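Computed from a prediction, not measured in an experiment: that's the story for all the values here. Both backbone and side-chain heavy atoms feed into the values below; hydrogens, waters and symmetry mates do not. Below, read A as the first sequence line, B as the second, and so on, with proteins coming before strands; counting in each chain starts at 1.
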Amino acid sequence: MQERYDPAAVERAAQDYWDSHGTFAARESAGRGKYYCLSMFPYPSGRLHMGHVRNYTIGDVLARFMRMQGLNVLQPMGWDAFGLPAENAAIANGVPPARWTRENIAYMKRQLQALGFGLDWSRELATCDPDYYRWNQWLFLRMRERGIAYKKTGVVNWDPIDQTVLANEQVIDGRGWRTGALVEKREIPMYYLRITAYAEELLGALEGLDGWPERVRTMQANWIGRSEGCDVSFPYADDTRAALGGEGALKVFTTRVDTLFGVSFVAVSAEHPLATAAAARSAALAEFVAECRRGSTMEADVATLEKRGLPTGLHVSHPLTGEPIEVWVANYVLMSYGEGAVMGVPAHDERDFEFAQRNGLAIPTVVRPAGAAWQQVGAEWLPEYAAHGITINSGEFSGLDFDAAVDKIAAALEQRKLGAKRVQWRLRDWGISRQRYWGCPIPLVHCAACGEVPVPDADLPVRLPEDLVPDGSGNPLAKSAAFLDCACPKCGKSARRETDTMDTFVDSSWYFLRFASSDQHAAPVDERVQYWLPVDQYIGGIEHAILHLLYSRFWTRAMRDMGLLRLAEPFSKLLTQGMVLNHIYYRQPAAGRRQFINPAEVELRTDAAGARTAIWMNDNAPVEQGGLGTMSKSKNNGVDPQSMVEKYGADTARLFMMFASPPEQTLEWSEEGVQGQYRFLRRLWKAVHEHVSAAPVERHQGLIKIVAGAAGAPAGASPNASLSAAAAQLRRQSHHTLERVTGDIARRRVFNTAIAATMELLNAVSRYDEAGSAARAARHEALEIIVLCLSPMVPHICHELWHALGHEGALIDESWPQPDAAALKQDTVEIIVQVNGKLRGRVQVASGADQATAQAAALADESVRRFAGEAPPRRVVYVPGKLLNIVV
RNA sequence: GCGAAAGUGGCGGAACUGGUAGACGCGCUGGCCUUAGGAGCCAGUGGGGCAACCCGUAAGAGUUCGAGUCUCUUCUUUCGCACCA
């Protein structure tokens, strides 16, 4: 064994060993439990970032741990390779997205390999491979046959100068990112997947997902958003009938039909047919509707708009009283939710209250609290006004509580065929059409004679040409004759290919299934999915808590209903890792944009007064401190994992990631912290080196028995009996550490405390200075436990140290040991003594001591007696083995 | 705006089931050592106080023998909001 820790050499050797032995190639084999450990696959942006390193280290720790637990582990990796950044790179550099993407994949794959992740590379896939996306197309066609995929119009961001559809992130302050033109909303035909057909099941099944964080389940439940309410139709009044040229009714959905008698207006969205009709007759209204059509389609933008509206001058009739009610157009009503119209009940809804006050509309009170605290709402809004209560001023429906009022009013509406109770979902169908080049082509052909014709299965995949270079103005597929021109599969006449591609969320909605049968060329999946799925542990960023995970749950069910799977939930356990943060430093010029400065170039100085100043080392002048933020290119605060690996080695990078915070929380980058982990590994190396060079190491079969053997104790005797108190104490700590680490990884899924525990053990080994064969054996055992416990986190150095400690085989093939109960046994325990809940002393008592014994021991303590006084205690609380609280 | 979560020393964090607040690490202070290193070793390090002790987990209230942990209110930060992935 070398005296110096040389990470580069150690890591190369360990990786060569795993590669040449095919250690991580997963095999299906009966009789052994399986463990499918999956980290969310990366977008091949060019280089790995720290978020990836964190994500994949967590996965690798669990995969290696479970492998040592004797499970058949599958840990695959792939590439989420379609998407916008490749097109942006093409616009900037003129490189075709295909080439850019493939080069990025090659580079990032080398980075992943250098980090020593135990991945089965034989199953690697990229979503831009025709072998993969042909099954997207195949599955899409099956969904289309079943009515799961269907066509309707949808709203997109339109850049009028570039004549192109923009993604939300390409809209900055309502303007196109390249042209600066005001963005418009535009309706175009698109394909949708009927995820709402699964809303009930997706919501109900959340309850059974007990391996998922509660907060993710809550977020999904809120996203699906089941609400029970009532449809209400407001028949058109004469003026509206005249304007629209016919009979009809305005339909709204409400969860508060008990307040139906408090309606003082109805509001429709700017896209609603009634708004269009009214706008045709009024210039002011037309202007307002046009204004609502400008700006982005993002809900967050819409929700923060100033709530405004205009009357249409048209009326509808109240379904029960027949009173005329004016129709307004309001910018806060969403066409995509419910019916695109709402009834306004200002007295009992805060938004309607503000709207009515602003526009001088009536605010009739129709509900009072059960306690009769008030009979009429005031001029200032109070949250109580929206609470359920007793109906008033509601004709024959007055005096009812919420449930009764809803039942009676809904029944009355139903009788008149003007409404009925209904469940409404917030969840909308999933629009998958993208007017973009770098994605999976939608396999349809447009024929003048036959209309829209699906591409026959035998002709799949519809290949995406890989030599096009987008320029930002529209979809290059629509300009490529080679792609566009084709023969109609039905009539054979010349036809045109569909140029829309699929949302990249489609690609990622089933890749975890494909890993189980990535070499199957006759079908998307085969029987092997039944062996590997569900994923036992899925790991990824919290930012995917809703969309990706919900789409995957839906897609899996859709495939189940096609008979391709016997599985509903794809992910048994979910770990959502926190973001990686770093400091932000910048300078704000008098005019222009902030200049962000990389934290690696900044030095923090503390002046005499204790104030901390950040200095840019390039010019030795101060910079502004912008706090902490997620690592990103735009804030120039990223740290390149590559430089970490080169400087300290993969093990140090992995160890820091696992030590700096628990996996679900944000992780703050710290160069000093990384150095600390590097120091720890060097100390560990040195401790093993000193131990093995002090005397020859015998070959050991495993742990523990060595102590009894080396001390010459008779077989069957407790190994501790022949040990010194200090050696027995070291053994106890060794096995206690093993117990803690096992629980932390297996049960709690936290690694920072597991690492802290092994650090404590190494500190104890360093302090332990007894000599002799028993002492040597106890020390040897402690070092073996440290190396075993750390091996999932820092596998390279542990691989090497395991050999140094006298083992022939590879550490990764070792099984995870059980703590030795005999080593853990303790005769006395320390309990803390409180007086009135305040800590006043601590005493040693026998392990199973009863309350009287503990109390006597406690009162022998001088400090306890002083606070407890002479009078008998009013109450004594005793928690055996832990604490005694004397209340006086 | 709506939905979700998190606030503990100078810093990252620990305290798992309501029971010793600050494990472990970083930083800092003092000392030692040396083939002077971005090395190693030892000691100290929440605040106040000579001490006995007192105070202390974003702020404020409450439940309890006992609250960082449970409840309510407020503040701050982070994530998501359907075409970034």
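A donor and an acceptor atom, one from each side chain of A:Arg874 and A:Asn836, are nowhere located under 3.5 Å apart. A donor-acceptor pair shorter than 3.5 Å can be found between the side chains of A:Trp510 and A:Asn136.
OP1 or OP2 of B:A85 sits under 4.0 Å from a side-chain N or O of A:Thr504. Applying the 4.0 Å criterion to OP1 and OP2 of B:C84, one finds that A:Asn88 has every side-chain N and O outside that range. Within the 4.0 Å cut-off from OP1 or OP2 of B:G13, not a single side-chain nitrogen or oxygen of A:Asn752 is found.
Note on A:Ile755: nothing from the nucleic acid sits closer than 4.0 angstrom, heavy atoms only. Residue-level contact check: A:Tyr332 touches neither bases nor backbone, having no heavy atom under 4.0 Å from any strand. A:Ser508 comes within contact range of no nucleotide atom at all, as no heavy-atom separation falls under 4.0 Å. Among the atoms of the strands shown, none is found under 4.0 Å from any heavy atom of A:Pro213. Heavy atoms of A:Val165 sit under 4.0 angstrom from at least one base atom. Across all strands, A:Tyr43 comes closer than 4.0 Å only to sugar-phosphate atoms, never to a base (heavy-atom distances). Here A:Val876 lies out of heavy-atom contact (under 4.0 Å) with every strand. Residue A:Arg428 is in base contact, counting any heavy-atom pair closer than 4.0 Å across all strands shown. Among the heavy atoms of the strands, none lies under 4.0 Å from A:Met502.
Separating the CG atom of A:Asn763 from the P atom of B:G25 is a distance of 5 Å, rounded to the nearest angstrom. The interatomic distance linking A:Trp177 (CH2) with B:C84 (P) rounds to 12 Å, in whole Å. If you take CG of A:Leu883 and C1' of B:U17, they are 14 Å apart, rounded to a whole angstrom.
Both A:Glu672 and A:Gln665 sit near RNA chain B, but only A:Gln665 has its closest nucleotide nearer the 5' end. Nearest-nucleotide assignment on RNA chain B puts the 5′-proximal partner with A:Arg215, out of A:Leu427 and A:Arg215.
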Nucleotide by nucleotide, nucleotides 52-57 of chain B touches protein heavy atoms under 4.0 Å in the pattern (B base, S sugar-phosphate only, - none) SSSS--

A correct 5'-to-3' footprint of nucleotides 31-40 of chain B, with B, S and - meaning base, sugar-phosphate only and no protein heavy atom under 4.0 Å, is -------BSS

Reading nucleotides 74-81 of chain B from 5' to 3' and marking B where a protein heavy atom lies under 4.0 Å of the base, S where only the sugar-phosphate is that close, and - otherwise, the string is -----SSB

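Remark: aromatic rings of A:Phe656 and A:Tyr648 are distant, center separation not under 6.0 Å. For A:Phe355 and A:Tyr332, the gap between ring centers is short of 6.0 Å. The ring of A:Trp212 has its center no closer than 6.0 angstrom to the ring center of A:Tyr538.
Salt bridge status for A:Arg865 with A:Glu862: absent, with no side-chain N to carboxylate O gap under 4.0 Å.
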Its dot-bracket string being built from Watson-Crick and G-U pairs below 3.5 Å, with | for another strand and [ ] for crossing, RNA chain B has the pattern (((((((..(((......[....)))((((((.......))))))(((....)))..(((((..]....))))))))))))....

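Here CG of A:Asn637 is found 7.0 Å from OG1 of A:Thr630. Values are rounded to the nearest 0.5 Å.
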Return a table of donor-acceptor pairs under 3.5 angstrom between the side chains of residues 162-174 of chain A and protein atoms on other chains or two or more places apart.
{"residue": "A:Asp162", "atom": "OD2", "partner": "A:Arg178", "partner atom": "NH1", "Å": "2.7"}
{"residue": "A:Gln163", "atom": "NE2", "partner": "A:Pro160", "partner atom": "O", "Å": "2.8"}
{"residue": "A:Thr164", "atom": "OG1", "partner": "A:Gly474", "partner atom": "N", "Å": "3.2"}
{"residue": "A:Asn168", "atom": "OD1", "partner": "A:Asn157", "partner atom": "ND2", "Å": "3.0"}
{"residue": "A:Asn168", "atom": "OD1", "partner": "A:Thr297", "partner atom": "OG1", "Å": "3.3"}
{"residue": "A:Gln170", "atom": "OE1", "partner": "A:Ala167", "partner atom": "N", "Å": "2.8"}

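Among the nucleotides B:A85, B:G25, B:G19, the one closest to any side-chain atom of A:Gln677 is B:G25.
Closest heavy-atom contact between A:Leu839 and A:Arg842: CD2-NH2, 3.6 Å.
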Please tabulate, one pair per line, each protein N/O and nucleotide N/O from nucleotides 60-69 of chain B that are separated by under 3.5 Å, including the distance.
{"residue": "B:C65", "atom": "OP1", "partner": "A:Arg875", "partner atom": "NH1", "Å": "3.1"}
{"residue": "B:C65", "atom": "O2", "partner": "A:Asn885", "partner atom": "ND2", "Å": "2.4"}

